[in-house]
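See structure below.
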Amino acid sequence: MKGKKLNRDFFAQPTLQVARKLLGKYLVLKQNGIKLSGKIVETEAYVGKEDPASHAFGKVTPRNQIMYGPPGYTYIYFIYGNYYCLNFVTEKAGFPAAVLIRALEPREGIKTMHKNRDSLDLKNLTNGPGKLCQAFGIDRSFNTCDLTANFLFVEDRGEKVDNIGNSERIGIYRGIDRKWRFFILNNNFVSKIRS
DNA sequence: TATTGGATCGCC
DNA sequence: GCGATCCAATAG
């Protein structure tokens, strides 16, 4: 259970590497004396302003400028009128890139997650980007949060992951030729594949 | 100022 | 398979 917090150098690596290496690490949130955590089992990479699926595609806007900032910060956005998605900014300042956290395997604070999600099904708690934000209570106020602080961060708990699969990214229509979704094979908490 | 479409989810 | 629901980005 003892873990080592990932530092800013980790997030400064090439985005595809960060996306792969995040698998098997633990997302931890400490808030109001409550600790929530879950193992990261699915990620997606969004790299550069030439990636047509990235929010940083094209020019700088108020929303995507955080992706141009230094690595190790969060980028939260609101989507479809209902849901938030959690991203980690990667690579050096000036280069827009981020990793979307798509699914977790709940570990600590599961009771709180059930309450936040109003769901009794463990497998349905954090198996999607909108769901895990709801389970952790993540909203707009978590945007531009420093991942090296002691609030929201990622831990290496020494778990090795070697069975990694990859595929095209989900829910987008452009840039599907880039197979930049990564997930742990045969894990029950990976989000459902789009039909 | 108006319009449009989206890195989703849950229910039909 | 489709609607809910609202914000950000464009166009005018």
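Each chain gets a letter, A, B and so on, in the order the sequences are listed, and its residues count up from 1. Atoms considered below: every heavy atom in the structure, side chains included; atoms not considered: hydrogens, waters and symmetry mates.
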Could you please name the option among [options] that lies closest to any side-chain atom of [X]?
X	options	result
S54(A)	dG10(B), dA7(B), dT5(C)	dA7(B)
R102(A)	dG10(B), dT8(B), dC7(C)	dT8(B)
Y75(A)	dA4(C), dA7(B), dA9(C)	dA7(B)
L100(A)	dA7(B), dC9(B), dA9(C)	dA7(B)
R140(A)	dT10(C), dA8(C), dC9(B)	dA8(C)
R63(A)	dA8(C), dG10(B), dT8(B)	dA8(C)

For a quick check, tell me whether the side chain of Y77(A) and the base of dA8(C) share a donor-acceptor pair closer than 3.5 Å.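 Side chain to base: no pair present.
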Which word best sums up how the rings of F88(A) and F11(A) line up, parallel for under 30°, tilted for 30 to 60°, or perpendicular for over 60°?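 F88(A) vs F11(A) ring planes: perpendicular.
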How long is the line joining [atom1] of [X] and [atom2] of [N], in whole Å?
X	N	atom1	atom2	value
D121(A)	dG10(B)	CG	C1'	13 Å
N82(A)	dA4(C)	CG	C1'	6 Å
F57(A)	dA8(C)	CZ	P	20 Å
N124(A)	dT8(B)	CG	P	16 Å
Y83(A)	dA4(C)	OH	P	13 Å
I172(A)	dT8(B)	CD1	P	9 Å
I79(A)	dC7(C)	CD1	P	12 Å
Y173(A)	dG5(B)	OH	C1'	10 Å

Can a donor-acceptor pair be found, under 3.5 Å and without considering hydrogens, that links the side chain of [X] to the backbone of [Y]?
X	Y	value
S37(A)	L27(A)	no
N64(A)	K59(A)	yes
R102(A)	V190(A)	no

Measuring from K25(A):NZ to E155(A):CD, what's the distance to the nearest 0.5 Å?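 That separation rounds to 11.5 Å.
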Taking for each residue the nucleotide of DNA chain B bearing the nearest heavy atom, is the 5' side occupied by R174(A) or by G128(A)?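 Counting from the 5' end, the first nearest nucleotide belongs to R174(A).
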Does a side-chain N or O of [X] approach OP1 or OP2 of [N] to a distance below 4.0 Å, or not?
X	N	result
T61(A)	dA9(C)	yes
R117(A)	dG10(B)	yes
K131(A)	dG10(B)	yes

Considering only the C1' atoms, how many Å lie between dC2(C) and dG5(B), rounded to the nearest integer?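 Comparing C1' positions in dC2(C) and dG5(B) gives a spacing of 16 Å.
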Under 5.5 Å between ring centres and under 30° between planes: true for Y80(A) and the base of dG6(B)? no
Using the rule that two of Ile, Leu, Val, Met, Phe, Trp, Tyr join whenever any of their side-chain heavy atoms come within less than 4.5 Å, decide whether I176(A) and V99(A) are in one cluster. no
Assuming nearest nucleotide by heavy-atom distance, tell me which of H55(A) and G81(A) is located more 5' along DNA chain C. G81(A)
When both hydrogen-bonding distances must be under 3.5 Å and the geometry is Watson-Crick or G-U wobble, what is dA7(B) paired with, if anything? none
